[in-house]
Amino acid sequence: MAGDALIRELREADAAAVARLQVAVNPHQVVTPRAIWYRATREIEGERRRDWVAELDGAIVGCAHAGFEWYLPAPGKGRFWVGVHPKLRKRGLGSELYATASDYLRAEGASRLRTWVDGDPDGERFVRERGFEPRGTDRVSAVDPRDVDVSELPRLEARGFRAVHLAEVRHRILELFEICAAGERDMPTDEPEAELDLESWKRDEFWLPDLSDEGSFVALAGERPVSLAFLRVDPERRLAYNQMTATLPEYRRRGLALLVKLAAARWAAEAGIERLLTENDTENVSMLAINERLGYRLLYEQRSWVLEGVGPPCERG
């Protein structure tokens with residue numbers, strides 16, 4: 001029963017157990033202990049994130065995190081995620097974790113709550129019963145990099161561009177930020193976002209501990225970075241995730257996104273990665289077309305769920 005479980009704040013020593021739990025909830029993701037703890041402690045301005053675990057008989061069987069959508073200009077937009085081990089559902093653990101996360105957000109002034117469900121009927125039923133409504137959909141797809149045809153790479157590089165490892169240009173932070181900021185501006189979204197700032201971008205994306213310096217690639221025009229494909233990697237599970245692909249506006253429609261993604265796929269195959277994952281808004285037609293060309297196939301649809309007009313937390317006796 002949920003009453004036997006202890007809901008408490010996440011500790012650094014919990015990170016490995018939480019990573020295993022999240023993989024059990026959804027194996028189609030790159031999640032590692034160091035990334036779990038990094039996200040819990042990265043302190044992005046405006047996010048105000050908190051993390052909790054549900055502990056039962058000394059084992060971590062559930063987890064949750066909550067914070068605010070720091071990238072939106074309007075205040076009060078809370079977001080959270082709750083996960084419970086598939087073998088221990090329907091015992092009230094999810095309800096307790098949801099109450100903890102939503103009470104925190106309400107107490108901090110949230111007027112709206114958002115969460116995401118990864119193709120899980122139980123998860124969709126859980127949020128629907130609490131009044132959430134679907135808001136947007138992403139396609140989560142995968143490909144075995146060993147099956148990707150990389151024969152176009154020489155032709156693409158012959159156009160005067162070359163793909164280099166992120167490690168070679170990581171020090172050129174402002175130029176890499178410019179590319180990512182341009183990409184974020186053009187991302188499909190259900191509401192306007194604030195202009196991405198350098199410090200938040202570094203904490204949210206550039207300093208991620210699983211971001212691979214060797215598996216991520218940057219396209220150079222001469223010596224100027226103009227396009228990139230960032231790859232997060234879990235070598236133990238032979239899994240990688242396309243964190244970000246973006247190109248400067250003036251260099252688009254030249255095959256550069258394809259160039260850097262092919263370079264990343266070739267590296268992944270050579271590094272022993274067996275599955276490349278990507279996630280795209282269903283309205284991002286151009287990137288979906290590139291991924292289909294590379295051989296990505298749909299795994300499931302991830303839906304965003306929103307609860308509008310929330311009030312202060314309810315007292316629980």
Side-chain angles (χ1 to χ4, degrees), residues 30 71 143 145-146 148-189 193-233 240-271 273 276-281 284-296:
V30 169
Y71 43 82
V143 67
R146 297 167 295 184
V148 176
D149 181 1
V150 298
S151 60
E152 283 190 87
L153 268 172
R155 178 183 66 82
L156 292 169
E157 290 186 312
R159 295 180 176 182
F161 303 97
R162 60 190 179 97
V164 301
H165 299 281
L166 173 61
E168 298 179 44
V169 292
R170 183 176 263 276
H171 62 287
R172 300 173 69 170
I173 294 177
L174 289 177
E175 291 167 285
L176 299 174
F177 168 69
E178 180 185 3
I179 299 171
C180 286
E184 290 288 350
R185 282 192 291 270
D186 293 333
M187 289 285 187
T189 179
E193 297 186 1
E195 185 69 18
L196 186 65
D197 69 275
L198 176 62
E199 190 61 32
S200 296
W201 171 75
K202 288 191 293 187
R203 293 174 185 269
D204 186 50
E205 194 158 350
F206 196 58
W207 291 343
L208 285 170
D210 297 331
L211 182 65
S212 173
D213 278 357
E214 296 302 320
S216 301
F217 283 82
V218 178
L220 301 180
E223 293 302 318
R224 182 189 181 190
V226 295
S227 183
L228 58 80
F230 281 174
L231 208 65
R232 287 171 43 221
V233 176
Y241 173 77
N242 288 279
Q243 176 68 21
M244 179 64 170
T245 304
T247 303
L248 290 176
E250 61 269 33
Y251 284 91
R252 291 173 186 169
R253 295 179 175 82
R254 303 192 195 186
L256 292 178
L258 180 61
L259 168 63
V260 289
K261 293 198 78 163
L262 281 172
R266 180 176 62 186
W267 173 89
E270 294 173 350
I273 300 299
L276 277 174
L277 299 164
T278 191
E279 178 184 322
N280 304 104
D281 191 288
N284 194 346
V285 178
S286 59
M287 191 55 65
L288 287 170
I290 290 175
N291 290 335
E292 184 174 352
R293 182 174 177 177
L294 293 174
Y296 282 85

Angle between ring planes, Tyr251 versus Phe161, binned at 30° and 60°: parallel, tilted or perpendicular?
perpendicular

List for me each residue that meets salt bridge (charged side-chain N to carboxylate O under 4.0 Å, His left out) alongside Arg266, sequence neighbours excluded, and say none if there are none.
none

Rounded to the nearest 0.5 Å, what's the gap from CZ on Phe206 to CG on Leu198? Could you check?
9.5 Å

Within a 6.0 Å radius of atom CD on Glu292, are there more than 12 heavy atoms belonging to other residues, nucleotides or ligands?
no

How close do Gly215 and Ala264 get, counting heavy atoms only, and between which atoms?
O-CB, 3.6 Å

Under a 3.5 Å distance rule, please check whether Arg159 uses its side chain to pair with a backbone N or O of Arg254 as donor and acceptor.
yes

In Å and rounded to the nearest 0.5 Å, what is the CG to CD1 distance from Asn280 to Ile290?
9.5 Å

Can you tell me if Asp149 uses its side chain to pair, donor with acceptor, with the backbone of Leu294 under 3.5 Å?
no

Measuring from atom OG of Ser212 to atom CD of Gln243, what distance do you get when rounded to the nearest 0.5 angstrom?
12.5 Å

Is there a side chain to side chain contact (heavy atoms under 4.5 Å, CB included) between Thr278 and Met287 once you walk through the steps?
CA-CA 10 Å; Thr278 191; Met287 191 55 65; 5.8 Å; no

Is a side-chain N or O of Ser216 found less than 3.5 angstrom from the main chain of Leu231, in a donor-acceptor match?
yes

Exactly one candidate in Val169, Val260, Leu176 meets side chain to side chain contact (heavy atoms under 4.5 Å, CB included) with Leu228; the answer is Leu176

If the test is side chain to side chain contact (heavy atoms under 4.5 Å, CB included), which one of Val218, Leu220, Leu259 qualifies with Arg162?
Leu220

Looking only at heavy atoms, what is the nearest atom pair of Ala257 and Thr245, with distance?
CB-CG2, 4.1 Å

Full working for side chain to side chain contact (heavy atoms under 4.5 Å, CB included) between Leu166 and Leu211:
CA-CA 10 Å; Leu166 173 61; Leu211 182 65; 4.0 Å; yes

Let me confirm one number: the CD-CZ distance from Glu175 to Arg224, rounded to the nearest 0.5 Å.
7.5 Å

Quick one: CG on Leu276 to CZ on Arg146, what's the gap to the nearest 0.5 Å?
10.5 Å

At what distance, to the nearest 0.5 angstrom, does OG of Ser200 lie from CD of Glu205?
12.0 Å

Check the pair Lys261, Arg293 against side chain to side chain contact (heavy atoms under 4.5 Å, CB included), reporting the backbone distance first and the verdict last.
CA-CA 11 Å; Lys261 293 198 78 163; Arg293 182 174 177 177; over 6 Å; no

Closest non-hydrogen atom pair between Ala182 and Pro249, with its separation:
CB-CD, 3.8 Å

Ignoring hydrogens, what is the shortest heavy-atom contact between Ala263 and Ala163? Give both atom names and the distance.
CB-CB, 4.1 Å

Testing the basics here: between Leu156 and Gly255, what is the closest heavy-atom pair and its distance to 0.1 Å?
CD2-O, 4.0 Å

Min side-chain heavy-atom separation Glu184-Glu195 under 4.5 Å
no

Is the count of non-hydrogen atoms from other residues, nucleotides or ligands lying under 6.0 Å from Arg253 atom CZ greater than 12?
no

Closest non-hydrogen atoms of Pro225 and Arg172, given as atom of the first, atom of the second and distance, are CD-NH2, 3.3 Å

